Amino acid sequence: MSDRGVCLVNDQLVELGNGDRGVALAWLRERRGLVGTKEGCGEGECGACTVLLGEPTASGRLAYRAVASCLLPVGELPGRHLVTVEGLNPPTGLTPVQQALVDAGAPQCGFCFPGIVMALTGFLLTSDDLSSHAATVALDGNVCRCTGYTAIRRAVDALCEHGARRLAAPGDRATQLIQWGVLPDWFATAPARLRGRDLAPRTVGGDRVVMAGGTDLIIQQPELLDDDGVAFLSRRPALATIERELDHLSLGGGVTIETLKHDPDVRDLVPDAPAIIDRFASTLIRNRATVAGNLVNASPIGDLTVLLLALDASLVLVEGGARRVLPLGEFYLGYKQLQRRPGEVIESVRIPTGVKGDAVSFEKISQRRFLDIASVNSALRARLDGPVITSATLAIGGVAPIPLVARNAAQALVGRVLDADVVREAAVALDREIAPIDDVRGTALYKRELARRVLIAHLLRLVPDRLRHEELV
């Protein structure tokens with residue numbers, strides 16, 4: 001038996017040894033000879049290295065997600081099923097996904113198409129909405145360097161049209177896709193072959209490196225994956241739950257951002273959550289990035305961080321048997337400095353259920369509307385009584401060393417009948433609270449103007465009948 005566990009790669013059980021380290025992309029190509037998974041950017045930006053990762057669930061089945069293998073540690077593979085494009089290829093001919101792309105004339109140089117095939121297959125495995133729009137969203141992390149998007153869209157339309165007919169009846173989706181020929185027959189045996197394999201969590205504590213999704217940490221410090229001291233939080237299923245409590249919604253620290261997007265309880269509290277989360281990153285990244293990882297990364301422009309600050313969230317931090325609750329607004333002490341004790345892990349994030357019914361607005365200014373890091377981002381949660389804001393929390397990123405709760409600007413709005421003068425007063429208060437710097441995402445002066453504009457955008461969205469854009473800009 002291997003000292004590092006056993007995983008299933010396509011239809012082969014693989015024992016992981018001490019030499020099996022680093023990211024899955026290099027491991028697949030160099031040690032397994034599976035070169036259909038392509039290396040493009042190495043940072044999760046292009047989708048050429050997309051694979052499917054299947055994880056056991058409480059029901060005994062495997063839940064699959066399309067992920068970027070350049071950001072998937074080999075250390076997370078024990079007990080899981082890793083599927084590459086070679087694993088999908090039938091003995092003869094093409095799968096329906098591959099055939100749809102060929103029929104539409106989509107493949108050109110072919111470099112990106114293994115990843116596109118994997119992303120579309122993952123979509124068919126997991127999506128309840130088999131619309132062309134939903135399939136296109138599932139491809140949002142896959143770049144075609146030959147600019148063949150029109151043909152890809154034609155293929156998506158045809159695939160979804162067939163899928164809507166073939167997958168409409170209730171039943172196990174994997175079984176249905178096997179019958180359709182999208183998945184090979186051996187997919188049916190994967191859960192049983194992995195049952196009982198080692199999924200035990202490694203110890204978290206002391207000076208160990210603790211890694212959640214790793215979508216940022218692996219890019220910054222890839223050498224960490226060569227260290228036996230890495231503890232993967234993904235191996236702690238208790239951290240991956242969302243639970244409705246009496247006065248709050250509890251988001252486990254290991255919950256992925258994509259899970260947040262689809263969770264009905266999250267949507268109940270914040271109806272616009274799916275549209276907001278779509279702005280955060282690609283599906284491939286959201287399938288790996290976690291709640292705790294986004295917060296601990298301590299980026300001054302973390303999208304989820306800004307949203308949770310506006311929702312008055314708090315953290316449950318644990319270390320050993322000790323547990324404490326801390327308002328998220330008190331977690332950030334300075335640039336990349338946290339009020340976090342050695343060995344502490346974010347067990348969960350609590351959103352008070354009292355925010356239900358409040359208006360929530362999110363704004364993100366970046367060079368690209370999607371799949372980009374913000375120059376400035378902001379979230380406003382407000383309770384309205386007609387044209388009057390009775391309470392408000394304003395969070396803004398990119399304008400200070402930490403994700404900032406702009407208390408003075410919010411207070412300038414509370415209890416006032418909103419008009420152009422009140423908005424200008426709040427904008428002045430905001431300008432006094434922020435301290436942006438010049439960097440690659442803009443000058444300090446530019447960011448001050450963006451901060452003013454996002455505040456105006458929030459208020460125009462909340463009370464469009466009271467304010468006119470031309471009066472405010």
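Each residue takes its place number in the sequence, starting with 1. Note that these values count all heavy atoms, side chains included, but never hydrogens, waters or copies made by symmetry. Quantities reported herein were computed from a predicted structural model and do not represent experimental measurements.
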* **Atom pair CG (N142) and OG1 (T50), whose distance is rounded to the nearest 0.5 Å** => 4.5 Å
* Has the side chain of E43 got a donor or acceptor atom that lies under 3.5 Å from a matching backbone atom of I219? -> no
* Interatomic distance, L120 atom CG to I152 atom CD1 [nearest 0.5 angstrom] -> 8.5 Å
* To do: Look only at the side chain of R279 and the backbone of E363, and say whether a donor-acceptor pair between them is shorter than 3.5 Å.
  => no
* Looking only at atom types and distance, does a side-chain atom of S361 sit under 3.5 Å from a main-chain N or O of L380, one as donor and one as acceptor? -> no
* Asked: Within the distance-only criterion (no hydrogens, no angle test), does the side chain of T126 pair as donor or acceptor with the backbone N or O of G122 below 3.5 angstrom?
  -> yes
* **Modelled atom types, side-chain donor and acceptor of T256 and N287, under 3.5 Å** => no
* **From V306, L404, L450, residue fulfilling side-chain contact (heavy atoms from CB on, under 4.5 Å) relative to I396** => L404
* To do: State whether the side chain of K364 and the backbone N or O of D303 hold a donor-acceptor pair below 3.5 Å, judged by distance alone.
  => no
* Structure fact -> Separation between CG (L394) and CG (L309), nearest 0.5 Å, reads 10.5 Å
* Answer yes or no: is there a side-chain heavy-atom contact under 4.5 Å between V14 and W27? => yes
* Asked: So, R193 side chain and D11 main chain: donor-acceptor pair closer than 3.5 Å or not?
  -> yes
Please tabulate, for side-chain N and O atoms in residues 295-302, each donor-acceptor pair with protein atoms closer than 3.5 Å (sequence neighbours left out).
unit_1 : atom_1 : unit_2 : atom_2 : d
N297   : OD1    : K336   : NZ     : 3.4
N297   : ND2    : D216   : OD2    : 3.3
S299   : OG     : I301   : N      : 3.1

* Structure fact -> Taken to the nearest 0.5 Å, the spacing of L88 CG from T95 OG1 works out to 6.5 Å
* Carefully, step by step, assess K447 and D439 under the rule side-chain contact (heavy atoms from CB on, under 4.5 Å). => CA-CA 10 Å; K447 292 176 187 176; D439 60 22; 2.7 Å; yes
* Within the distance-only criterion (no hydrogens, no angle test), does the side chain of E330 pair as donor or acceptor with the backbone N or O of S314 below 3.5 angstrom? -> no
* Any donor and acceptor pair, going by atom type alone, linking the side chain of R288 with main-chain N or O of G213 inside 3.5 Å? -> yes
Hey, can you pull the donor-acceptor pairs under 3.5 Å for the side chains in residues 183-191, sequence neighbours left out?
unit_1 : atom_1 : unit_2 : atom_2 : d
T189   : OG1    : W186   : O      : 2.9

* Would you please name every residue forming a side chain to side chain donor-acceptor pair (under 3.5 Å) with D265, sequence neighbours left out? => R244
* Less than 4.5 Å apart, any side-chain heavy atom of V9 and any of L34? -> yes
* Asked: In a check of side-chain contact (heavy atoms from CB on, under 4.5 Å) between Y64 and each of V51, L53, V83, which one passes?
  -> V83
* Checking side-chain contact (heavy atoms from CB on, under 4.5 Å) against E347, which of V316, L317, L315 comes through? -> V316
* Has the side chain of N10 got a donor or acceptor atom that lies under 3.5 Å from a matching backbone atom of Q12? -> no
* Would a 4.5 Å heavy-atom cut-off, applied to side chains only, mark L251 and V266 as touching? -> yes
* Pairwise side-chain contact, L130 with C160, heavy-atom cut-off 4.5 Å (strictly under) -> no
* After noting the C-alpha distance and the side-chain angles of D247 and R350, does the key distance pass the salt bridge (Lys or Arg N to Asp or Glu O under 4.0 Å) rule? -> CA-CA 9 Å; D247 60 352; R350 294 178 175 177; over 6 Å; no
* M211 side chain reached by P73 side chain, heavy atoms, under 4.5 Å -> yes
* Check whether any side-chain heavy atom of R80 lies under 4.5 Å from a side-chain heavy atom of S234, and answer yes or no. => yes
* Option passing side-chain contact (heavy atoms from CB on, under 4.5 Å) with R286 (candidates L304, I257, L260) -> I257
* Asked: Any sub-3.5 Å donor-acceptor pair from Y149's side-chain atoms to C144's backbone N or O?
  -> yes
* Please say whether more than 12 non-hydrogen atoms of neighbouring residues, nucleotides or ligands are located less than 6.0 Å from CD in Q367. => no
* **Minimum-distance pair of heavy atoms, taken over all atoms of M118 and A66** => O-CB, 4.5 Å
